[in-house]
Amino acid sequence: MASTSLDRPARAPGNVGVEFGVLGPPEFAAHVQDWGARFLRATGRTVTNPRSER
């Protein structure tokens with residue numbers, strides 16, 4: 001998927017409800033981890049270090 005923003009490709013799997021994995025680039029992986037941490041906080045859960053498992 002070609003995009004000038006990391007937001008669009010990050011939203012795509014959620015929009016269609018599929019499981020997915022991030023193969024790269026590292027900036028996209030960090031972007032998805034940040035989104036994931038934000039969604040966890042929205043549900044009352046927390047992540048101590050969302051980037052520790054790279």
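Only heavy atoms go into these numbers, but all of them, side chains included; no hydrogens, no water, no symmetry mates.
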Under the side-chain contact (heavy atoms from CB on, under 4.5 Å) rule, collect the residues that match up with Arg11, sequence neighbours excluded.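 Here the qualifying residues are Asp7, Arg8, Asn15, Trp35.
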Just jot down the side-chain contact (heavy atoms from CB on, under 4.5 Å) partners of Val16, sequence neighbours excluded, or say none.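 Scan of Val16 (side-chain contact (heavy atoms from CB on, under 4.5 Å), adjacent residues dropped) gives Val18.
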Locate the shortest heavy-atom distance separating Ala10 from Phe28; write the atom from each residue and the value.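 For Ala10 versus Phe28, the nearest heavy atoms are N-CE1, 3.8 Å.
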Look at atom CZ of Phe39 and say whether more than 12 heavy atoms of other residues, nucleotides or ligands are closer to it than 6.0 Å.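 Counting neighbours around CZ of Phe39, 12 or fewer heavy atoms of other residues, nucleotides or ligands fall under 6.0 Å, so no.
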